[in-house]
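See below for the structure under consideration.
Remember, it's a predicted structure, so these values are computed and weren't measured experimentally. In what follows, residues are counted from 1 in the order of the sequence shown.
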Amino acid sequence: MSSPLPPVDTKASPSLPPAVAKPKKQPYPFYLGGLAATIAASVTHPLDLTKVRLQASGDKRMVESIKKTVRTAGFRGLFDGISGTWMRQMSYSLCRFWAYDESKKLLGVNPQSPPWMLAAAGVMAGSIAGVVGNPGEVVMVRLQGDFAKPPEKRFNYKHCFDALFRMVREEGPSSLLRGVGPNVFRSILMNSSQLASYDFFKAELLKTQYFEDNIACHFTASFAAGTVATTVCSPADVLKSRIMNASGPGSSSTLGVIRSSLAKEGPMFMFKGWLPAWSRLQPTTILIFLTLEQLKNAVDWKRGTL
């Protein structure tokens with residue numbers, strides 16, 4: 001005889017509360033990228049200064065160039081032209097981060113998008129930021145390279161705004177676009193390599209079981225992005241520095257600078273200053289993205305969405 005079945009509970013189980021849809025994340029303030037880049041560039045300014053002086057002068061070694069700067073201008077000389085650096089970051093970098101985010105929206109980029117879409121967004125951002133940031137770029141390069149020149153050839157600008165006004169007054173408004181061609185080219189290379197590769201490496205790392213969206217992941221992705229960007233950008237970076245640091249008729253021709261440099265130094269001139277460029281860009285890239293991610297966390301915390 002089979003055992004009786006247990007009584008069936010006919011009481012309806014309480015219904016679960018409806019799932020609350022997660023609110024769509026608001027966009028971050030447009031200036032966060034520029035602020036992060038300004039903080040990072042202030043820390044790494046001595047290395048950037050050394051890179052520009054190596055590219056624009058006859059100095060051969062990074063350490064010797066640093067010693068020469070300290071010997072002629074003291075330790076404060078390592079921060080020559082920092083106002084130009086701030087001007088450049090709050091124009092060029094602010095614009096490139098904003099334009100990159102907007103370009104990704106325009107192209108419909110998502111975490112599953114192929115790398116070429118990230119690179120395309122970087123190209124669009126670099127094209128815009130290269131033009132917008134060119135005056136600040138010229139001012140920064142001139143302020144940084146001034147003390148590497150003989151006294152009679154120096155510009156002797158007091159600060160970034162003095163440089164800007166004197167350039168317009170003494171050389172005309174067109175001086176603000178000196179070297180805009182190689183600068184836009186470099187900007188395209190930088191944004192399509194640095195910004196796009198950071199997003200790519202970060203997404204790939206998060207697909208593994210070893211990384212979460214934290215500082216370790218951000219550091220590793222930015223380290224890889226910095227190395228890629230340095231190698232890709234070196235030729236345009238050298239040309240930009242040499243053209244912008246020159247003055248006088250005929251000195252702004254990109255082809256003229258290439259011919260002259262090839263004749264005197266050979267094709268490897270395009271990678272002159274690679275080590276100090278990597279030494280500057282690597283910590284700068286890491287600092288930019290670590291700072292940017294923390295600024296985003298701060299915004300999320302303030303909004304109560306962290």
Side-chain angles (χ1 to χ4, degrees), residues 31-57 59 61-97 129 133-149 154-164 179 183 186-187 190 194 222-223 225-227 229-230 233-234 236-238 240-242 244-245 272-292 294-295:
Y31 56 81
L32 283 191
L35 180 59
T38 301
I39 294 170
S42 298
V43 175
T44 60
H45 182 80
L47 291 173
D48 193 27
L49 180 72
T50 303
K51 180 208 68 170
V52 169
R53 290 181 176 178
L54 275 170
Q55 291 175 345
S57 69
D59 294 341
R61 297 174 181 273
M62 180 175 65
V63 175
E64 289 304 316
S65 181
I66 292 173
K67 287 181 179 178
K68 179 180 176 182
T69 299
V70 174
R71 188 167 57 249
T72 55
F75 282 100
R76 289 184 62 184
L78 294 174
F79 291 90
D80 283 342
I82 195 167
S83 65
T85 297
W86 293 337
M87 173 180 279
R88 186 246 187 181
Q89 296 302 338
M90 290 308 292
S91 55
Y92 166 72
S93 288
L94 187 150
C95 181
R96 75 185 180 112
F97 276 97
N134 201 77
E137 194 86 28
V138 179
V139 168
M140 181 191 74
V141 169
R142 289 193 173 191
L143 284 170
Q144 290 179 352
D146 219 25
F147 276 94
K149 295 179 176 181
R154 292 177 185 171
F155 295 111
N156 292 317
Y157 299 135
K158 297 175 183 177
H159 45 71
C160 61
F161 295 108
D162 180 50
L164 203 64
N183 189 42
R186 178 193 179 274
S187 179
M190 173 61 72
Q194 187 194 55
S222 58
F223 186 92
T227 302
T230 303
C233 295
S234 184
D237 206 18
V238 172
K240 179 208 70 172
S241 291
R242 294 192 178 194
M244 289 183 174
N245 214 34
K272 187 176 182 182
W274 187 93
L275 179 59
W278 181 86
S279 301
R280 176 202 63 90
L281 189 59
Q282 193 66 284
T284 300
T285 302
I286 292 170
L287 283 171
I288 284 175
F289 288 114
L290 289 184
T291 305
L292 180 59
Q294 294 308 307
L295 289 173

Response to the item:
Minimal heavy-atom distance between T227 and W278, with the atoms involved, is OG1-NE1, 3.3 Å
Worksheet item: Would T85 and H45 count as a side chain to side chain donor-acceptor pair (under 3.5 Å) if you check the C-alpha gap in whole Å, the side-chain angles of each, and the deciding distance to 0.1 Å?
Response: CA-CA 8 Å; T85 297; H45 182 80; 3.0 Å; yes
Fill in: Heavy-atom pair of closest approach, residues M90 and G34
SD-O, 3.6 Å
Practice prompt. State which residue, out of V43, L292, I39, fulfils the side chain to side chain contact (heavy atoms under 4.5 Å, CB included) condition with L287.
Written response: V43
Discussion item. Using side-chain heavy atoms (C-beta onward) and a distance below 4.5 Å, is Y92 in contact with M140?
Written reply: no
Practice prompt. Working to the nearest 0.5 Å, report the span between OG1 of T284 and CD of Q89.
Written response: 8.0 Å
Item to complete: Assess whether side chain to side chain contact (heavy atoms under 4.5 Å, CB included) is satisfied between E137 and R142, documenting all intermediate values.
Response: CA-CA 9 Å; E137 194 86 28; R142 289 193 173 191; over 6 Å; no
Worksheet item: Between L164 and M87, is any pair of side-chain heavy atoms under 4.5 Å apart?
Response: yes
Worksheet item: Does the pair Q194 and L281 meet the rule for a side chain to side chain contact (heavy atoms under 4.5 Å, CB included), with working shown?
Response: CA-CA 10 Å; Q194 187 194 55; L281 189 59; 3.9 Å; yes
Discussion item. Could you report the tightest heavy-atom contact between M190 and A229, atom names first, then the distance?
Written reply: SD-CB, 4.0 Å
Worksheet item: Any side-chain heavy atom of L143 sitting closer than 4.5 Å to one from H159?
Response: no
Discussion item. Are K67 and M62 packed together at the side-chain level, in the sense that at least one heavy-atom pair is separated by less than 4.5 angstrom?
Written reply: no
Worksheet item: Nearest 0.5 Å, what's the CD1-OG1 distance between I286 and T44?
Response: 11.0 Å
Worksheet entry | Nearest-0.5 Å distance that lies between atom CG in L32 and atom OG in S93 | 13.0 Å
Response to the item:
The reported gap from CD1 in I66 to OG1 in T50 (rounded to nearest 0.5 angstrom) is 4.0 Å
Discussion item. Counting C-beta onward and ignoring hydrogens, is there a side-chain heavy-atom pair between W86 and S42 closer than 4.5 Å?
Written reply: yes
Item to complete: Would you please test T230 and Q282 for side chain to side chain donor-acceptor pair (under 3.5 Å) and show each step?
Response: CA-CA 8 Å; T230 303; Q282 193 66 284; over 6 Å; no
Worksheet entry | Nearest atoms (heavy-atom pairs only) where T285 meets S222 | CG2-O, 3.4 Å
Response to the item:
Residues D80 and A73: closest non-hydrogen pair is OD2-CB, 4.4 Å
Practice prompt. Find out whether F97 and I288 are in side-chain contact, i.e. whether some heavy atom of one side chain is under 4.5 Å from a heavy atom of the other.
Written response: yes
Response to the item:
Looking only at heavy atoms, the pair that brings C95 and A129 closest together is SG-CA, 3.8 Å
